[in-house]
Amino acid sequence: MSEIHITLADGSQRSFARGATATDVAMSIGPRLVKAAVAAEVNGHEADLNVALPDGASVAIITGDSDGGRHVLRHSTSHVMAQAVTQLFPGAKFSIGPAITDGFYYDFELPGAKTFSDDDLVAVDKRMREIIASDQPFVRSEMSIDDALELFADQPYKCEIIERVRALGDAPVDPDDDDVGVDAGEVDPGGTVSVYRNTPEFVDMCRGPHVPSTGKLGHFKLMKVAGAYWRGNEKGPMLQRIYGTAWDSRAALDEHLHRLVEAEKRDHRRLAVELDLLSFPNELGGGLAVWHPKGAIVRKQMEDYSRQRHQDGGYQFVYTPHLANGKLFETSGHLAWYKDGMYPPMEMDNGTYYLKPMNCPMHCLIFRSRQRSYRELPLRLFELGTVYRYERAGTLHGLMRIRGFTQDDSHIYCTEDQLQDEIASLLDFVLSVLRAFGFTDFTAYLSTRDAKKSVGSDEIWDKATEALREALVRHGLPFKVKPGDAAFYGPKIDIDVKDAIGRSWQLSTIQCDFTLPERFDLEYVGADNARHQPIMLHRALFGSIERFMGVLIEHFAGAFPAWLAPVQARILPVATAHEAYAQTTADALRAAGFRVDVVEANDQLGKRIRSAKLDKLPYVLVVGDDDVANHTLGVNPRGGEVERNVPVDDFVARLGEDVDAGVVLA
RNA sequence: GCCCAGAUAGCUCAGUCGGUAGAGCAUUUCACUCGUAAUGAAAAGGUCGAGAGUUCGAUUCUCUCUCUGGGCUCCA
């Protein structure tokens with residue numbers, strides 16, 4: 001038999017000479033496909049284009065413009081980078097170099113503990129392009145573990161990976177297991193090791209597949225150098241990581257780089273300064289922000305809305321102090337678990353005080369302040385509570401990760417019977433509030449126990465986890481599980497939202513807690529006149545006001561909807577003669593409840609309009625002779641066309657509608 | 001906390017191979033009074049992040065610290 005039969009992706013069958021490869025299959029379809037092909041899927045498994053196909057195989061060609069294809073391009077490019085680095089820095093050890101979202105990285109240890117500089121990056125880039133120009137083949141071979149250990153004898157990280165996989169033996173590899181997942185991509189645990197050789201000198205261990213030759217690559221850019229711990233272990237060696245991005249075409253690469261530039265323009269740290277919303281003065285210390293008047297207006301709108309919704313939702317408002325005796329946090333367990341994350345103690349003559357890192361212990365004290373009846377449950381305590389956490393220096397990030405912040409924090413005490421309903425209605429509440437701020441795309445996560453980082457019995461954890469899971473199922477909100485991601489006191493549901501340019505942010509959290517009620521000896525008198533322990537839910541919708549503000553700034557790119565905008569309309573008199581009318585009109589709009597300012601005619605109109613547009617105001621209003629005569633406005637809406645001769649009353653109604661439309665009480 | 005890169009006017013940045021600094025925008029003033037994205041002129045604005053060291057002299061070189069950016073780790 002000299003022919004083999006191949007089934008293509010569309011279901012059709014073709015015959016090829018024995019020994020035919022996926023490249024031959026692609027060639028039989030068309031030359032453009034050959035050019036675009038980077039790998040193949042053979043019987044459901046990714047494979048190199050140039051391996052001989054078995055008879056009867058199902059073959060799909062993977063092209064560079066698919067997700068799988070880009071993955072192959074990126075992974076192959078990372079090999080090229082490793083080769084470039086080992087050429088430029090003889091003696092460099094390389095560890096792992098996977099494809100990641102939008103790109104790839106490779107971790108190195110350079111001889112003499114050298115670190116990469118930006119100049120080195122330029123040199124690496126140049127050498128990579130030489131390697132690509134020389135069109136080296138990626139030649140796959142397989143060998144025994146012992147042979148691989150010998151081949152990589154001078155590459156300790158590779159040897160460590162091989163040894164680890166050998167230690168696993170034939171045990172099935174769980175790609176979600178952090179301890180093996182990284183290595184699993186590099187080595188086949190079946191007892192053999194596959195390697196890809198580009199040159200007599202450069203060979204890397206890899207499961208593949210790869211492009212047939214380096215000539216297929218080239219649309220890449222090295223992005224940055226970073227330190228990264230070997231195997232993610234903080235106690236282990238710090239390797240040098242180079243990140244790059246790679247695409248199937250110049251256009252796709254350029255588009256990606258353009259997206260990065262656009263995302264940078266939305267950066268809340270930049271917009272916060274440009275729009276005069278808030279700042280992070282060095283004098284305050286790291287991770288602490290001050291809110292300027294314009295930012296404070298946005299914040300007040302957020303807070304007012306939040307308070308209104310909580311009031312409507314049956315919450316009771318409370319206030320608690322910013323610091324407390326350390327005994328409180330011993331009782332709660334926070335000192336035992338998070339002392340490093342708390343600001344250091346203040347030794348006073350009557351005890352040791354700490355800034356509060358959480359509001360929950362104080363809310364528990366409120367619950368405990370008197371005997372509680374089952375008739376009071378669910379008891380929902382709400383506070384915009386400001387907390388302080390000493391986040392490690394390297395982790396701070398604008399408003400997103402900050403040391404002093406205010407949570408829209410609530411603790412709900414309820415009976416076991418009420419738990420399901422409470423969580424389910426809470427999910428409705430969360431999504432409804434988030435929708436009011438313009439978010440429509442949500443992802444829920446259920447975080448489960450990490451036995452090493454938690455307190456409480458298995459029974460309690462199981463009960464709490466099931467309650468959350470059941471509520472998610474009942475609610476119909478799709479969710480994913482994050483194993484071991486729970487807080488120390490209980491499992492949680494996190495809600496991520498997608499912003500206007502598709503990035504995900506974790507905002508809301510609902511946490512189930514059997515532990516604090518126990519630690520604080522909380523109890524209520526039930527209908528049976530006996531004492532029972534309530535269950536406690538922790539929840540925040542914004543997460544923190546600061547972080548939510550940061551997300552809003554980036555989501556709206558600083559162009560807040562009318563109900564949130566610090567200035568809703570700016571009136572520009574065409575000339576000084578129109579200023580009195582401008583002021584009168586501004587007063588009328590203010591009387592109608594709007595935030596309006598006037599910029600006098602000291603500069604040209606065009607310049608003032610430009611300035612107002614850069615401030616991203618919802619409306620710019622121009623008033624001249626006609627308007628003074630007719631009690632009208634020129635209306636220049638953000639993102640719309642200029643309208644002339646709009647009666648003031650009409651505009652008042654219109655702005656009112658805009659504002660109302662922003663607060664949909666869904 | 002770890003690796004790398006930074007910190008110069010309110011903002012964005014240039015510059016000084018060691019001799020105490022400059023632009024644009026913003027601000028103020030003057031002129032212009034203009035109908036939808038940058039009028040012109042002038043003025044003012046900086047102990048060049050902080051401290052120490054080397055030096056006749058440090059914003060510049062060295063060290064430490066603080067803060068920032070990108071990662072890693074962490075995130076109650």
Side-chain angles (χ1 to χ4, degrees), chain A residues 105 107 113 115-118 120-121 223-243 264 267 269-270 273-274 276 279-288 329 332-342 356-361 387 389-398 400-402 407 453-454 485-490 492 506 509 511 513 515-516 538 540 543 547 572-579 600-614 620-627 633-637 641-645:
Chain A
Y105 68 79
D107 286 349
T115 54
F116 287 116
S117 68
D118 288 345
D120 293 333
L121 225 54
M223 304 300 284
K224 57 206 168 198
V225 187
Y229 295 109
W230 167 235
R231 309 197 57 78
N233 177 5
E234 200 178 356
K235 305 281 189 296
M238 168 79 61
L239 304 177
Q240 291 283 304
R241 175 173 298 179
I242 300 178
Y243 282 96
E264 201 176 324
D267 190 309
R269 293 162 300 184
R270 171 192 180 130
V273 173
E274 285 177 6
D276 196 17
S279 59
F280 300 85
N282 282 355
E283 294 83 345
L284 273 186
L288 298 168
F329 300 115
S332 69
H334 288 98
L335 267 177
W337 285 93
Y338 295 102
K339 194 169 198 296
D340 290 346
M342 292 168 66
K356 68 172 168 181
M358 288 288 277
N359 303 301
C360 32
V387 298
R389 298 180 183 178
Y390 195 75
E391 302 285 0
R392 296 163 86 184
T395 63
L396 299 173
H397 182 92
M400 304 304 189
R401 191 79 180 270
I402 194 169
Q407 297 177 308
K453 294 184 188 171
S454 56
D485 216 36
F488 75 89
Y489 49 70
K492 62 176 178 174
Q506 196 248 298
T509 184
Q511 308 179 351
D513 185 355
T515 302
L516 277 188
H538 306 243
R547 182 180 163 79
L572 305 178
V574 171
T576 305
H578 313 119
E579 273 170 19
E600 297 180 347
N602 293 327
D603 283 310
Q604 283 186 310
L605 181 61
K607 180 169 182 174
R608 286 177 287 148
I609 288 178
R610 175 181 156 79
S611 168
K613 290 294 180 186
L614 292 176
V620 180
L621 308 174
V622 176
V623 294
D625 287 337
D626 297 350
D627 301 300
L633 298 161
V635 177
N636 185 337
E641 296 292 317
V642 172
E643 301 155 46
R644 290 287 300 272
N645 306 313

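Protein chains get the first letters and strands the later ones, always in sequence-line order, with residue 1 at the start of each. Computed over heavy atoms, backbone and side chain alike; hydrogens, waters and symmetry mates excluded.
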Open item on the list: Suppose we screen for salt bridge (charged side-chain N to carboxylate O under 4.0 Å, His left out). Which residues come up paired with R608(A), at least two apart in sequence or across chains?
Closed with: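 For R608(A) there are no salt bridge (charged side-chain N to carboxylate O under 4.0 Å, His left out) partners, ignoring immediate neighbours.
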
Task: salt bridge (charged side-chain N to carboxylate O under 4.0 Å, His left out) involving E600(A) - partner list, sequence neighbours excluded - done: none

Open item on the list: Run the side-chain hydrogen bond (donor to acceptor under 3.5 Å, both in side chains) test against K492(A) and tell me which residues pass, sequence neighbours left out.
Closed with: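 With neighbours one apart ignored, the set is D494(A).
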
Open item on the list: I'd like to check the side-chain hydrogen bond (donor to acceptor under 3.5 Å, both in side chains) partners of K607(A); sequence neighbours left out, ordered by chain and number.
Closed with: none

Open item on the list: I'd like to know if D627(A) reaches the base of G35(B) with its side chain, counting only an N/O donor and acceptor under 3.5 Å.
Closed with: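 Indeed there is one.
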
Open item on the list: Is there, by distance only and without an angle test, a donor paired with an acceptor across the side chain of N282(A) and the base of U66(B) below 3.5 Å?
Closed with: no

Across the strands shown, which category fits [X] at heavy-atom distances under 4.0 angstrom: base, sugar-phosphate, nothing?
| X | value |
| --- | --- |
| G490(A) | nothing |
| Q240(A) | sugar-phosphate |
| G286(A) | sugar-phosphate |

TODO: Mark yes when over 12 heavy atoms from residues, nucleotides or ligands other than K339(A) sit less than 6.0 Å from its NZ; otherwise mark no.
DONE: no

Task: Contact state string [nucleotides 37-45 of chain B, B base, S sugar-phosphate only, - no protein heavy atom under 4.0 Å] - done: BBB------

- [ ] Sugar-phosphate atoms are those with a prime plus P, OP1 and OP2; base atoms are the rest. Using that split, label each nucleotide of nucleotides 69-76 of chain B B, S or - for protein heavy atoms under 4.0 Å, 5' to 3'.
- [x] SBBBBBBB

Given the [atom1] atoms of [N] and [M], what is the spacing between them in whole Å?
| N | M | atom1 | answer |
| --- | --- | --- | --- |
| A50(B) | C34(B) | C1' | 49 Å |
| G1(B) | C56(B) | C1' | 43 Å |
| C48(B) | C61(B) | C1' | 15 Å |
| A5(B) | C63(B) | P | 12 Å |
| U47(B) | A37(B) | C1' | 40 Å |
| C32(B) | U16(B) | C1' | 40 Å |
| U36(B) | A41(B) | P | 24 Å |
| G51(B) | U8(B) | P | 16 Å |

Name the pairing partner of [N], where a pair is Watson-Crick or G-U wobble with both distances under 3.5 Å, or state none.
| N | answer |
| --- | --- |
| U54(B) | none |
| U27(B) | A43(B) |
| C72(B) | G1(B) |
| G6(B) | C67(B) |

- [ ] Output yes when at least one side-chain N/O atom of T115(A) is less than 4.0 Å from OP1 or OP2 of C4(B), else no.
- [x]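 True: T115(A) side-chain N/O within range (under 4.0 Å) of C4(B) OP1/OP2.
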
Between [X] ([atom1]) and [N] ([atom2]), how many Å, whole number?
| X | N | atom1 | atom2 | answer |
| --- | --- | --- | --- | --- |
| M223(A) | A5(B) | CE | P | 18 Å |
| I402(A) | C67(B) | CD1 | C1' | 14 Å |
| R608(A) | U27(B) | CZ | P | 13 Å |
| D625(A) | C34(B) | CG | C1' | 11 Å |
| K235(A) | C3(B) | NZ | P | 14 Å |
| E600(A) | C30(B) | CD | P | 13 Å |

Open item on the list: Set out, in order, the CA-CA distance, both residues' side-chain angles and the distance that settles side chain to side chain contact (heavy atoms under 4.5 Å, CB included) for M358(A) and Y338(A), then state yes or no.
Closed with: CA-CA 11 Å; M358(A) 288 288 277; Y338(A) 295 102; over 6 Å; no

Task: Closest heavy-atom pair and its distance - Y243(A), A226(A) - done: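 Between these two residues, the closest heavy atoms are CE1-CB, 4.0 Å.
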
TODO: Provide the closest heavy-atom pair for P573(A) versus A601(A) in the form atom of the first, atom of the second, distance.
DONE: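 Where P573(A) meets A601(A) most closely, the heavy atoms are O-CB, 3.8 Å.
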
Open item on the list: Is the shortest side-chain heavy-atom distance between I609(A) and V622(A) below 4.5 Å?
Closed with: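 Yes - at least one pair of side-chain heavy atoms lies under 4.5 Å apart.
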
Open item on the list: What I'd like to find out is whether the side chain of R547(A) reaches to under 4.5 Å of the side chain of I402(A), using heavy atoms alone.
Closed with: no

Open item on the list: Classify the ring geometry of F488(A) against W337(A): parallel below 30°, tilted from 30° to 60°, perpendicular beyond 60°.
Closed with: parallel

Task: First of D626(A) and L239(A) reached from the 5' end of RNA chain B, by closest nucleotide - done: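 Its nearest nucleotide lies further toward 5', so the answer is L239(A).
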
